There are 2 protein chains.
Amino acid sequence: MQRKTEQRAVLKKVLKEADRPLSVQEIFEGAQSELPKIGLATVYRNIKALVEHEWLTVVDLPGESSRYEVAGKEHHHHFHCKTCDRVFEIEGCVGGSIADLTPKGFSLEFHEIILYGRCDECAESA
Amino acid sequence: MQRKTEQRAVLKKVLKEADRPLSVQEIFEGAQSELPKIGLATVYRNIKALVEHEWLTVVDLPGESSRYEVAGKEHHHHFHCKTCDRVFEIEGCVGGSIADLTPKGFSLEFHEIILYGRCDECAESA
DNA sequence: GTCGTTGCAAAGCGTTTGCAGCCTA
DNA sequence: TAGGCTGCAAACGCTTTGCAACGAC
């Protein structure tokens, strides 16, 4: 990544201002509101470049297409609200006890935990 | 699901004989070895029907296309071997301590845990 | 004979790539 | 001015769907 373009600046801004992982569509729509002519291919290309440069981290959840969050955060997991479909970061980890689940002979390298339910806003309006 | 067909019988056999969740490709290839003329669309259609009839359960892992395992098993999680790309079932659960991670105001409904690393076979040959 | 099921090919859908023109440095 | 970047459209890979023929009951 070398040149500074308006498109890339807008994409980074959208991602930085979100406090949660965003989908390609969310990023695209956020960018479009500031730069209506931006193309979807540009969004995909820049996401890929930003991931390669470790400015972005990929957040993959089961059965969902990838979401992206600004890199550099500590080890954490995610909460997926099944009502509004947004994903939130959660603090803390039960990594220690998880190691006990590893089957005999298997070697554990890392793990993923995803919580599902309702976020505070959706729980309240229910 | 009403009529009994050779295709469906073969698909169920392949799934029943596997002791782990299988991808569509794995199911397709397993079925082809017994029924070379089977079509991929038939595999997709039957998987869909078997899931709807709750004979099959969908196993979705982050960034992967769906896998399928015979339904009716107890609550369990999965181990994904990054070397051979196979997925295994693991026993046990740390559900209790996981509830503690739920953010304030959020309501937890269920959770997913995925372990990554090397399975016994791959760990041994490394 | 009815109509659920199958194989094939075409259609969908999200993501990637080719290309000519644009714009940053 | 060089060549990275962009928008558009075509290409891709996986999954679904339309359709005529097939076969279970």
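All values reported here derive from a predicted model rather than from experimental measurement. All chains are named by letter (A, B, ...) in the order of the sequence lines, taking the proteins before the strands, and each is independently numbered beginning at 1.
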Euclidean distance, A/N46 CG relative to A/I38 CD1, rounded to 0.5 Å: 7.0 Å
What is the separation between atom [atom1] on [X] and atom [atom2] on [N], rounded to the nearest whole Å?
X	N	atom1	atom2	answer
B/E64	D/dC14	CD	P	13 Å
B/K4	C/dT5	NZ	P	14 Å
B/Q2	D/dC22	CD	P	22 Å
A/L50	D/dG4	CG	C1'	15 Å
B/R3	D/dG23	CZ	P	12 Å
A/Y44	D/dA9	OH	C1'	16 Å
B/I47	D/dC14	CD1	P	14 Å
B/I27	D/dC14	CD1	P	15 Å

Net bend of the helix from C/dG1-D/dC25 to C/dA25-D/dT1, end axes of five pairs each, nearest 10 degrees: 20°
Residues A/H75 and A/E91: side-chain donor-acceptor under 3.5 angstrom: no
Side-chain heavy atoms of B/P62 within contact of A/E64, under 4.5 Å: no
Main-chain N/O of A/S23 paired to A/E26 side chain as donor or acceptor, under 3.5 Å: yes
Partner of B/R86 by side chain to side chain contact (heavy atoms under 4.5 Å, CB included), out of B/H80, B/R67, B/E121: B/E121
Table of protein N/O atoms under 3.5 Å from nucleotides 6-11 of chain C N/O atoms:
{"from": "C/dT6", "atom 1": "OP1", "to": "B/T5", "atom 2": "OG1", "distance (Å)": "3.0"}
{"from": "C/dT6", "atom 1": "OP2", "to": "B/N46", "atom 2": "ND2", "distance (Å)": "3.3"}
{"from": "C/dT6", "atom 1": "O3'", "to": "B/Q7", "atom 2": "NE2", "distance (Å)": "3.0"}
{"from": "C/dG7", "atom 1": "OP1", "to": "B/Q7", "atom 2": "NE2", "distance (Å)": "3.4"}
{"from": "C/dG7", "atom 1": "OP1", "to": "B/K37", "atom 2": "O", "distance (Å)": "3.3"}
{"from": "C/dG7", "atom 1": "OP2", "to": "B/G39", "atom 2": "N", "distance (Å)": "3.1"}
{"from": "C/dG7", "atom 1": "OP2", "to": "B/T42", "atom 2": "OG1", "distance (Å)": "2.3"}
{"from": "C/dG7", "atom 1": "N7", "to": "B/R45", "atom 2": "NH2", "distance (Å)": "2.9"}
{"from": "C/dG7", "atom 1": "O6", "to": "B/R45", "atom 2": "NH1", "distance (Å)": "3.3"}
{"from": "C/dG7", "atom 1": "O6", "to": "B/R45", "atom 2": "NH2", "distance (Å)": "3.1"}

More than 12 heavy atoms from other groups under 6.0 Å of NZ on A/K37: no
Mutual orientation of the aromatic rings belonging to B/H111 and B/H77 [parallel < 30°, tilted 30-60°, perpendicular > 60°]: tilted
B/E124 and B/R118 ion-paired at < 4.0 Å: no
A/K82 with B/E109: basic N within carboxylate O range, under 4.0 Å: no
Phosphate OP1/OP2 of D/dC5 contacted by A/K48 side-chain N/O (<4.0 Å): no
